[in-house]
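Position 1 is the first residue of the sequence; numbering continues from there. Every heavy atom of this structure was used, including side-chain atoms; hydrogens, water molecules and symmetry mates were not.
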Amino acid sequence: MKILPHIKSPADTRKLTLDELMILKDELRQDIVSAVSKTGGHLASNLGAVELTIALHHVFNLPKDKILWDVSHQTYGHKILTGRRDKIDTIRQYGGLAGFSKRSESEYDDYGAGHASTSISTALGFAAARDNVGGDNKVIAVIGDGSMTGGLAFEGMNNAGHLKKDLIVILNDNTWSISKNVGALSKYLTTILADEKFNKLRTEVWELTGKFKRRDKIRKTISNIEQSIKGFLVPGMLFQKLGFRYFGPIDGHDLPLMIKTLEDLKQISGPVMLHIATVKGKGYEPAEENAGAYHGVGKFDKVTGEIAKSSPSRPSYTKIFGDIMVELAEKNNKVIAITAAMSTGTGLVKFSEQFPKRFFDVGIAEGHGGCFAGGLAAENMKPYFVVYSTFMQRAYDQIIHDIALQKLPVVFCMDRAGLVGNDGPTHHGTFDLTYFSTVPNITVAAPKDGNELRSMLHYTADNDIEGPVSIRYPRDNVPTDMTTEIKPIKWGKWDADTIDKDVIILAVGTMVDTAYKAVELLDEDSHSIAVVNARFVKPFDYEMLEKIKNRAKYIVTIEENQIRGGFGQAIAEYLTSNDYKGKLKVVGIGDQYVTHGNRDQLLKEIHLDVDSIAHTISECFGKESSSGFLHKLRFRKHNSPKKVS
């Protein structure tokens with residue numbers, strides 16, 4: 001009999017026998033493989049966490065007890081066991097389940113996540129809130145070993161060890177980077193140390209020694225013996241020193257052992273660390289053999305494991321960027337590439353293989369990466385810090401204090417700037433134009449295509465630039481074919497065929513191609529519209545902007561970034577301060593977080609697709625002119641997108 005169809009909530013999982021739970025784990029793996037094969041998503045990490053997920057649901061009383069999942073990309077099984085199985089085939093799809101924990105989605109998602117190293121600090125907040133109202137629920141943080149490279153995790157542990165709150169942290173070590181001593185002896189030791197009877201005896205001995213005159217010396221001797229044994233046999237002394245009682249490592253796929261250990265640990269007071277060893281992709285051979293490829297995977301054949309391959313007409317920006325970085329390193333031995341645990345995602349694998357001494361992966365530690373890049377730049381190296389736009393937010397103090405203030409020539413390469421698609425609001429890079437533009441001494445650039453990206457990067461390698469540079473590019477394919485020629489770029493200058501028009505569109509980065517297509521959608525009479533490639537967001541090309549101000553009757557700015565604090569608002573400030581007499585329309589992303597879905601769907605939803613941009617021009621300016629071409633503006637295609645606010 002199938003078990004999984006009858007699981008509607010964690011209460012159902014708690015009622016199952018061990019034999020039934022053993023059946024459930026196989027069914028849960030099958031469900032995860034089936035769902036991800038249709039939609040794509042995080043496969044290997046979810047398969048590796050199946051036994052852990054089931055054990056947590058069986059042992060703890062959800063939703064009273066709280067589980068905080070670090071990153072939360074490993075929660076597909078959790079979603080299935082909490083009443084969302086009927087929607088699991090919609091994971092990461094527009095209008096479907098989110099690929100991460102989301103508070104508004106379920107009462108069992110205690111905290112939203114998407115970035116790493118946050119779970120321990122968050123869990124401590126939950127524990128403090130519980131104690132403040134006299135609650136008795138358990139709080140569990142689940143963190144992967146990759147997230148333990150982030151300093152925030154240790155900040156949380158340091159504070160938790162000091163406060164001594166009842167808190168369980170589960171370290172899901174799925175790369176064996178910490179646990180080298182998994183085996184019968186450490187398993188036996190952990191079984192003893194976590195056992196309820198042992199801990200009761202330990203407490204009684206501790207209380208008994210308090211009656212002796214030399215109690216402090218006796219207690220210290222007992223404690224030293226315990227620590228020496230554990231320090232010799234297990235790799236947990238660091239956690240012990242931070243104030244946690246450490247248990248493990250144990251086999252995270254041994255479901256009976258996991259259940260027994262968690263049952264015992266929930267009886268122990270104070271901060272506890274359970275170290276489990278798991279295998280990414282467990283139970284699905286293709287994912288076990290190549291966990292990297294199946295970590296975040298597209299659609300695939302669940303029988304053969306063959307990943308569906310798309311045939312884009314042009315390569316991705318990330319692929320182009322990786323090739324360019326190799327070009328830079330070949331001609332300049334001062335070029336250094338830095339990434340934060342994203343060598344594959346940022347296209348730097350080729351660079352790392354060809355120039356291993358000039359490649360640095362700092363782990364999930366963007367703040368450290370920023371200071372590291374600053375130190376390199378101060379010693380006349382040319383560091384390129386390659387980070388997803390959404391993750392660079394984690395190093396904002398380093399941008400301001402350690403780099404820009406000192407005018408150090410660090411090049412920030414902002415991959416996945418703008419809307420990233422199915423990973424959703426935790427991963428969209430919709431703030432970087434804003435957060436970089438507020439900082440003095442920095443140049444902020446957004447190339448319109450791969451060729452311009454190449455020109456910008458070569459300029460930074462060939463010239464002594466003053467101060468940091470941010471270059472943003474999207475998670476998308478380049479819109480035009482790559483050329484063999486590296487076209488020289490006029491640094492700090494915008495580009496346009498003409499600005500001698502009544503309507504000027506100032507488009508940034510990805511929106512340049514969109515703006516040209518929008519103009520093509522408009523009536524043949526609309527020959528008084530010009531598109532400017534505003535490729536330098538800060539500082540502006542003030543010379544060209546002044547000419548536009550004096551000539552254009554209507555100006556539209558378009559950016560794939562938050563309007564608030566972005567390019568358009570800065571243009572508006574300049575025009576207002578300099579007596580512009582015409583009309584201005586600022587187009588971008590409103591004061592909102594954008595949901596998940598594919599990129600085209602999301603651009604349409606927020607009115608940054610071609611049709612919406614054309615409609616904006618028509619709506620804003622077509623009704624304001626009673627003569628001339630503007631009142632004639634209309635779509636060649638008689639579609640009618642939503643009005644842009």
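Comment: Arg472 does not engage Glu559 in a salt bridge, judged by the lack of any side-chain N to carboxylate O separation of less than 4.0 angstrom. For the pair Lys79 and Glu105, the salt-bridge criterion is met [side-chain N within less than 4.0 Å of a carboxylate O]. Ionic pairing of Asp513 and Lys448 is not present here: no N-O contact between side-chain nitrogen and carboxylate oxygen is shorter than 4.0 angstrom. Note on Asp110 versus Arg103: no salt bridge recorded, every NZ/NE/NH1/NH2 to OD/OE distance being 4.0 Å or above. The pair Glu51-Arg29 meets the salt-bridge criterion, since a charged nitrogen lies less than 4.0 angstrom from a carboxylate oxygen. Ion pair Asp109/Lys102 not flagged as a salt bridge, since none of the NZ, NE, NH1 or NH2 atoms sits closer than 4.0 Å to an Asp/Glu carboxylate oxygen. A salt bridge does not link Lys280 to Glu288: none of the charged side-chain nitrogens sits closer than 4.0 Å to a carboxylate oxygen.
Ring geometry, Tyr246 versus His275: the interplanar angle exceeds 60°, so the pair is classed perpendicular (tilted spans 30 to 60°). In this pair, Trp491 and Phe536 present their aromatic rings perpendicular. The plane angle is above 60°, beyond the 30 to 60° band. Under the 30°/60° scheme for interplanar angles, the aromatic rings of Phe391 and Tyr388 are found to lie parallel.
In this structure, Phe359 has its ring center no closer than 6.0 Å to that of Phe355. Ring centroids of Phe372 and Phe385 are separated by 6.0 Å or more, keeping the two rings apart.
With hydrogens and angles disregarded, a donor-acceptor distance shorter than 3.5 Å links the side chain of Asn561 to the backbone of Leu433. For Thr75 (side chain) and Ser72 (main-chain N/O), a donor-acceptor pair under 3.5 Å exists by modelled atom type. Although no hydrogens or angles enter the test, the distance criterion places no donor-acceptor pair under 3.5 Å between the side chain of Thr346 and the main chain of Val387.
Between Tyr111 and Ser101 the shortest side-chain heavy-atom distance does not fall below 4.5 Å. Residues His458 and Ile324 have side chains in contact (heavy-atom distance under 4.5 Å, counting atoms from C-beta outward). The side-chain heavy atoms of Met414 and Ile471, taken from C-beta on, include no pair separated by under 4.5 Å. Between Tyr94 and Thr595 there is a side-chain heavy-atom pair separated by less than 4.5 Å. Within the 4.5 Å cutoff, the side chain of Ile489 has heavy atoms near those of the Met456 side chain. Between Ile558 and Val508 there is no side-chain heavy-atom pair separated by less than 4.5 Å.
No more than 12 heavy atoms of other residues, nucleotides or ligands shown are found within 6.0 angstrom of NZ on Lys299. When the shell of 6.0 Å around NZ of Lys309 is examined, it contains 12 or fewer heavy atoms from other residues, nucleotides or ligands.
Remark: Ala35 pairs with Ile88, Asp89 by the side-chain contact (heavy atoms from CB on, under 4.5 Å) rule, at least two apart or across chains.
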Handout entry: Intermediate values then yes/no, side-chain hydrogen bond (donor to acceptor under 3.5 Å, both in side chains), Glu155 and Asn158
Key = CA-CA 5 Å; Glu155 292 178 24; Asn158 181 58; over 6 Å; no
Practice task
Walk me through it: do Gln74 and His42 pass the test side-chain hydrogen bond (donor to acceptor under 3.5 Å, both in side chains)?
Solution key: CA-CA 7 Å; Gln74 74 283 51; His42 292 97; over 6 Å; no
Practice task
Using the side-chain hydrogen bond (donor to acceptor under 3.5 Å, both in side chains) rule, take Glu452 and Asn533 through it: C-alpha gap first, then chi angles, then the decisive distance, then the call.
Solution key: CA-CA 11 Å; Glu452 202 161 73; Asn533 172 15; 3.0 Å; yes
Exercise for the section: Report the C-alpha separation of Asp361 and Met342 in whole Å, then their side-chain angles, then the decisive distance to 0.1 Å, and conclude whether the side-chain contact (heavy atoms from CB on, under 4.5 Å) test is met. Expected result: CA-CA 8 Å; Asp361 185 342; Met342 288 289 175; over 6 Å; no
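The two residues Tyr317 and Asn477 come nearest to each other via the heavy atoms CE1-O, 3.7 Å.
Donor-acceptor pairing under 3.5 Å is lacking for the side chains of Thr510 and Tyr473. Using a 3.5 Å distance cut-off with no hydrogens or angles, the side chains of Tyr435 and Ser470 do not pair a donor with an acceptor. A donor-acceptor pair shorter than 3.5 Å cannot be found between the side chains of Thr434 and Gln562.
Phe100 pairs with exactly one of His427, His115, His596 by the ring-ring contact (aromatic ring centres under 6.0 Å, His included) rule, that one being His427.
A salt bridge (Lys or Arg N to Asp or Glu O under 4.0 Å) check over residues 395-417, counting only residues at least two apart or in different chains, returns the pairs Lys407-Glu466.
Taking CG of Leu328 as the start and CG of Asp462 as the end, the distance is 8.0 Å to the nearest 0.5 Å.
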